[in-house]
Amino acid sequence: MSINIPDVNQRDLKIFAGNSHAALAQEICDYIGIPLGNATVESFPDGETFVQFHDSIRGDDVFILQSTDNPANQNIMELLIMIDAARRASAGRITAVIPFYGYARQDRKDKGRVPITSKLVANLLVAAGANRVLTMDLHAQQIAGFFDIPVDHLLAAQVFERYLRQHDLSNLTIVSPDVGGMKMADVYVKLLGCKLGLVYKRRLGAENVEAVHVIGDIEGRNVLLVDDITESAGTLIAAAEILKSRGAKKIMAAVSHGVLSDAGYKRLRDKPILDEIITTNSTKVIPPEGLPVKINVLSIAHLFGDAIKRIHFNHSVSGLFQIKGF
């Protein structure tokens, strides 16, 4: 849906960034056409976080950008304290912009005596004073329901679509590396008009999985694995191995949040079966030199910039999407 968004008046819209990803915040501000807000976010020697806004924000529409990647707990505390500082400085509205919501994987009580940490973090954000949340590709869509405030949930699929359409898609099968990702894979199928496949896996531990079955037309075809997050790369490698054994040709992966750990990079180096990983700059992705797998990082600044402008002018954010069924 195309609508006319006025130019932003920087006097009543302010964007600030914590220490997790100031570069993305600056890129968003450059796209919108306003300066990045001036704030101090630093730690005392004992690790406590100190925040001070140097710009007046009384009555302003304030957006605070912070991904909750490594170090997750430090980044969450920075975000909470920044929200509290903005509330006490009489901000008119506070939106927590969280490109990567890290605790989203702890979204259910799947064994005895464990927390639902994604719900806890949602409660903390609301208690700190956030009026709404802007995020992208949550690990599970129901997490939006953990909040008692509005949540705008963006999709990285549209960013990936622009890149993927530069390639030949006539022989491409979209594959989910696990059952839980089928709905996301279906979004790519609808966007690109490709065939759909599935890898069934068993999780053997926090960083190890076993792919045991493949459903779909794979032999002689190029494959795009789609997932919301990869950290240890175990799921992607296991899926790629079984797909290659079933006759897949080129294997790429589109992953919304590339929070690869040292163990993940090591696995990619030791088992160079993927031809390319496409991810976004929702977190800082800095691949080590000599990695045999090409990692292509796409910017989400325009996606978030458009969403921030729509929120600021009270226009529909869902109008950014032309995808049905998601």
Side-chain angles (χ1 to χ4, degrees), residues 12-18 20-21 25 28 41 49 51 53 57-69 72-110 113-156 180 183-184 228-229 256-257 282 300 303-304 306-321 325-326:
D12 56 13
L13 185 151
K14 301 286 174 58
I15 299 176
F16 296 91
S20 74
H21 206 345
I28 292 171
V41 185
T49 297
V51 169
F53 292 106
I57 57 175
R58 182 177 294 272
D60 287 341
D61 197 6
V62 173
F63 294 78
I64 301 173
L65 186 141
Q66 182 86 321
S67 279
T68 58
D69 53 334
N73 295 338
Q74 173 68 25
N75 288 333
I76 287 172
M77 281 305 300
E78 282 188 6
L79 177 58
L80 294 172
I81 294 169
M82 291 182 77
I83 292 170
D84 182 72
R87 177 173 60 87
R88 296 177 188 277
S90 301
R93 179 173 62 178
I94 303 167
T95 301
V97 182
I98 312 174
F100 170 60
Y101 188 84
Y103 272 106
R105 286 171 286 181
Q106 298 185 43
D107 63 332
R108 61 194 181 278
K109 193 176 175 69
D110 56 353
R113 298 173 297 282
V114 297
I116 303 178
T117 316
S118 56
K119 170 60 174 170
L120 171 62
V121 173
N123 289 344
L124 291 171
L125 288 166
V126 174
N131 300 116
R132 69 187 306 130
V133 169
L134 174 62
T135 189
M136 183 183 78
D137 280 359
L138 290 167
H139 186 63
Q141 288 189 75
Q142 65 266 21
I143 293 170
F146 290 172
F147 291 86
D148 293 324
I149 56 176
V151 175
D152 294 303
H153 187 199
L154 304 179
L155 305 177
K183 191 161 188 179
M184 174 176 283
D228 65 302
I229 180 172
S256 305
H257 310 293
S282 62
I300 54 173
L303 179 65
F304 273 82
D306 286 336
I308 287 171
K309 289 172 68 174
R310 286 170 180 262
I311 291 170
H312 178 62
F313 289 109
N314 295 314
H315 289 300
S316 170
V317 174
S318 63
L320 287 170
F321 314 130
F326 193 85

- Do we see a donor-acceptor contact under 3.5 Å between the side chains of Ser20 and Gln74? no
- Find out whether Val97 and Thr95 are in side-chain contact, i.e. whether some heavy atom of one side chain is under 4.5 Å from a heavy atom of the other. yes
- Query: Do the non-hydrogen side-chain atoms of Leu79 and Ile81 ever get within less than 4.5 Å of each other?
  - Reply: no
- Item | Spatial distance of atom CG (Leu154) from atom OG (Ser282) [nearest 0.5 Å] | 11.5 Å
- Would Val121 and Tyr101 satisfy side-chain contact (heavy atoms from CB on, under 4.5 Å), going step by step from the backbone distance to the final call? CA-CA 9 Å; Val121 173; Tyr101 188 84; 3.5 Å; yes
- Salt-bridge test for Arg87 and Asp84: reply yes if a basic N is under 4.0 Å from a carboxylate O, no otherwise. yes
- Message: For a quick test of reading the model, state the closest non-hydrogen atom pair linking Arg93 to His312 and the distance between them.
- Response: NH2-CA, 3.7 Å
- Message: List the residues meeting salt bridge (Lys or Arg N to Asp or Glu O under 4.0 Å) with Arg58, not counting sequence neighbours, and say none if there are none.
- Response: none
- Query: Do Ile116 and Ser118 touch side chain to side chain, with heavy atoms closer than 4.5 Å?
  - Reply: yes
- Query: Can you check whether His315's main-chain N or O pairs, donor with acceptor, with Arg310's side chain at less than 3.5 Å?
  - Reply: no
- Contacts of type salt bridge (Lys or Arg N to Asp or Glu O under 4.0 Å), residue Asp228, not counting sequence neighbours: none
- Item | CD1-CG distance between Ile308 and Asp61, expressed to the nearest 0.5 angstrom | 9.5 Å
- Note on the structure: What one should report as the nearest heavy-atom pair of Ala17 and Val41 is O-CG2, 4.2 Å
- Query: Does the Thr68 side chain pair with the main chain of Gly102, one donor and one acceptor, at a distance under 3.5 Å?
  - Reply: yes
- Task: Would you please name every residue forming a salt bridge (Lys or Arg N to Asp or Glu O under 4.0 Å) with Arg108, sequence neighbours left out?
- Result: none
- Message: Would you say that Ser67 contacts Ile98 through its side chain, given a criterion of any heavy-atom pair below 4.5 Å between the two side chains?
- Response: no
- For Phe100, ring pair (Phe, Tyr, Trp, His ring centres under 6.0 Å) partners two or more places apart: His257
- Task: Indicate whether any N or O donor in one side chain lies under 3.5 Å from an N or O acceptor in the other, for Ser256 and Asp137.
- Result: yes
- Item | Nearest-0.5 Å distance that lies between atom CD1 in Ile311 and atom CG in Asp306 | 11.0 Å
- Task: Using atom types as modelled and distance alone, determine if a side-chain donor or acceptor of Lys119 lies under 3.5 Å from a backbone N or O of Phe146.
- Result: yes
- Min side-chain heavy-atom separation His153-Met136 under 4.5 Å: no
- Indicate, with yes or no, if the rings of Phe53 and Phe16 have centres closer together than 6.0 Å. yes
- Query: Do Pro99 and Ile300 come within less than 4.5 Å of each other through their side chains, counting heavy atoms only?
  - Reply: yes
- Heavy atoms, side chains only, cut-off 4.5 Å: are His139 and Ile229 in contact? yes
- Task: List the steps and the verdict of side-chain contact (heavy atoms from CB on, under 4.5 Å) for Ile15 and Ile28.
- Result: CA-CA 9 Å; Ile15 299 176; Ile28 292 171; 4.2 Å; yes
- Message: Is any side-chain heavy atom of Gln66 closer than 4.5 Å to one of Met82?
- Response: no
- Note on the structure: Residues Ile83 and Gly129: closest non-hydrogen pair is CG2-C, 3.5 Å
- Message: As an exercise, state the distance from CD1 of Ile76 to OG1 of Thr49, rounded to the nearest 0.5 Å.
- Response: 12.0 Å
- Taking only residues two or more places apart in sequence or in another chain, which ones pass salt bridge (Lys or Arg N to Asp or Glu O under 4.0 Å) with Asp69? none
- Apply the test side-chain contact (heavy atoms from CB on, under 4.5 Å) to residues Asn131 and Ile149: give CA-CA distance (whole Å), side-chain angles for both, the deciding distance (0.1 Å), then the verdict. CA-CA 6 Å; Asn131 300 116; Ile149 56 176; 5.8 Å; no
- side chain to side chain donor-acceptor pair (under 3.5 Å) involving Arg105 - partner list, sequence neighbours excluded: Glu231
- Item | Atom pair CG/CG of Leu134 and Asp152 - distance to nearest 0.5 Å | 6.0 Å
- Output, in order, the C-alpha distance, side-chain angles, deciding distance and verdict of side-chain contact (heavy atoms from CB on, under 4.5 Å) for Asp12 and Asp60. CA-CA 5 Å; Asp12 56 13; Asp60 287 341; 4.1 Å; yes
